[in-house]
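Below is one structure, written out as structure tokens; the observations come after it.
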Amino acid sequence: MWDYTEKVLEHFYNPQNQGAIADTDEPGIAIVYGEVGSIACGDALRLHLKIEIESDRILDSRFQTFGCTSAIASSSALTELIKGLTLDEALNISNHDIANFLGGLPEAKMHCSVMGQEALEAAIFKYRGIEVEVHEEDEGALVCTCFGVSDNRIRRVVIENNLTTVEQVTNYVKAGGGCGSCLVDIEDILAAVAEERAAMPAKLAAEIAIAQETTQPRALTNVQKITLIQQVLSEEVRPVLMADGGDVELYDVDGDRVQVLLKGACGSCESSTATLKIAIEARLRERVLPNLVVEAVS
């Protein structure tokens with residue numbers, strides 16, 4: 001006997017939004033449905049959505065399901081959860097949101113909440129023209145032939161629900177709950193996901209290091225620094241000084257110290273210090289490196 005919450009029993013005995021939505025060709029409105037599972041496997045759900053096209057919002061939602069108490073309650077809960085949401089907001093509804101809405105589900109019945117999440121995705125994908133048959137989840141190899149569960153679907157439910165045992169996988173997607181011939185394959189998937197999780201911190205650290213390296217400018221070599229200083233002096237500083245009868249020549253570069261020769265009018269001008277700091281040093285700091293110090297040599 002399953003230990004159901006009062007909310008589960010409430011939605012089982014009095015399911016909300018049960019039935020289909022008829023397409024009345026109402027302007028600006030789309031009717032679509034998504035379905036998962038099969039009656040042959042014991043669980044099936046068809047979820048109907050009424051969508052306002054302009055706002056991409058779900059105006060109404062109804063369901064038809066074949067299944068147990070949890071399947072009916074989960075379907076009813078899902079329709080209550082998604083009414084009024086945009087499609088993008090609805091895609092954020094997880095199977096745990098459905099279970100939490102009901103005050104929890106027995107772990108062996110969590111596959112009912114997963115079925116609701118998958119039916120919602122199937123309906124939205126169909127509306128958006130994404131063929132469910134080519135959705136990434138369905139491209140994987142079939143692992144559980146009894147319930148038609150692929151390896152990608154098992155990987156997804158393991159990752160999203162942090163599952164660690166075959167029994168949990170069976171509870172969430174029913175894989176392994178039939179003949180049992182796929183139990184070893186499920187264990188392999190669990191081991192692979194666990195290995196990926198263990199390697200994730202080192203992988204993230206490496207990716208962050210690479211990203212930081214590519215976003216930070218590489219330090220200039222001495223040759224690059226001198227070349228750039230010479231270029232700025234020639235192209236941006238000298239023309240200004242020469243217009244007033246002065247000139248400047250690069251004498252030496254020692255670390256961040258830039259030594260220059262002030263020539264012509266600049267060499268004897270009372271404002272040579274201002275020229276040195278404002279016209280030359282400020283420009284070099286802006287165009288080359290912010291910590292350069294310019295000094296005049298005689």
Side-chain angles (χ1 to χ4, degrees), residues 2-3 8 34-38 41-45 47 65 67-68 70-71 73-75 77-78 81-82 90-125 130-207:
W2 304 113
D3 186 15
V8 170
E35 56 187 351
V36 294
S38 71
C41 294
D43 289 306
L45 169 61
L47 181 71
T65 191
C68 61
S70 299
S74 294
S75 302
L78 174 62
L81 280 168
I82 62 176
L91 283 173
N92 288 326
I93 297 292
S94 69
N95 64 289
H96 280 287
D97 291 327
I98 298 170
N100 290 339
F101 181 88
L102 294 168
L105 285 171
E107 187 167 75
K109 293 294 183 179
M110 284 300 291
H111 64 272
C112 297
S113 63
V114 174
M115 191 167 64
Q117 180 188 14
E118 293 176 348
L120 174 61
E121 291 179 351
I124 294 175
F125 289 156
I130 304 171
E131 293 294 335
V132 175
E133 289 75 15
V134 298
H135 184 236
E136 182 180 356
E137 179 179 316
D138 296 322
E139 291 180 342
L142 191 63
V143 172
C144 177
T145 55
C146 297
F147 294 101
V149 186
S150 69
D151 57 353
N152 283 338
R153 187 179 175 198
I154 294 173
R155 279 182 53 82
R156 175 184 172 179
V157 77
V158 166
I159 293 170
E160 290 185 350
N161 296 279
N162 198 28
L163 307 184
T164 57
T165 68
V166 174
E167 182 181 4
Q168 288 178 315
V169 172
T170 303
N171 291 337
Y172 276 71
V173 290
K174 302 181 76 169
C179 68
S181 62
C182 61
L183 296 180
V184 173
D185 293 331
I186 297 173
E187 287 179 348
D188 290 342
I189 294 172
L190 285 165
V193 172
E195 187 175 342
E196 291 169 10
R197 281 183 179 141
M200 187 59 68
K203 181 180 179 182
L204 287 176
E207 290 177 350

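What you see below is based on every heavy atom in this structure, not just the backbone, and it leaves out hydrogens, waters and symmetry mates. Only a predicted model underlies this, so the values are computations on that prediction, with no experimental measurement involved.
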If you measure from [atom1] on [X] to [atom2] on [Y], what distance do you get to the nearest 0.5 Å?
X: I124; Y: I82; atom1: CD1; atom2: CD1; answer: 7.0 Å
X: N92; Y: Q117; atom1: CG; atom2: CD; answer: 10.0 Å
X: D43; Y: M115; atom1: CG; atom2: CE; answer: 4.5 Å
X: T170; Y: I186; atom1: OG1; atom2: CD1; answer: 5.5 Å
X: C112; Y: N171; atom1: SG; atom2: CG; answer: 10.5 Å
X: C144; Y: I154; atom1: SG; atom2: CD1; answer: 7.0 Å

Can you find a pair of side-chain heavy atoms, one from [X] and one from [Y], that are under 4.5 Å apart?
X: V149; Y: V143; result: no
X: S74; Y: L102; result: yes
X: N162; Y: R197; result: yes

For [X] versus [Y], what's the shortest heavy-atom pair and its separation?
X: Y172; Y: H96; result: OH-CE1, 3.6 Å
X: V173; Y: H111; result: N-CB, 3.9 Å
X: A77; Y: F101; result: CB-CD2, 3.3 Å
X: L47; Y: A123; result: O-CB, 4.1 Å
X: V8; Y: A73; result: O-CB, 3.5 Å
X: E187; Y: V166; result: CG-CG2, 3.3 Å

Counting heavy atoms not belonging to E207, are there more than 12 under 6.0 Å from its CD?
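Buried by this count: over 12 neighbours within 6.0 Å.
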Look at the side chain of T65 and the backbone N and O of A44, then say whether any donor-acceptor pair between them is shorter than 3.5 Å.
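Pair found, side chain donor or acceptor close to backbone of A44.
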Is the shortest distance from a Lys or Arg side-chain nitrogen in E121 or R156 to a carboxylate oxygen in the other one below 4.0 Å?
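Result for this pair is yes, salt bridge flagged.
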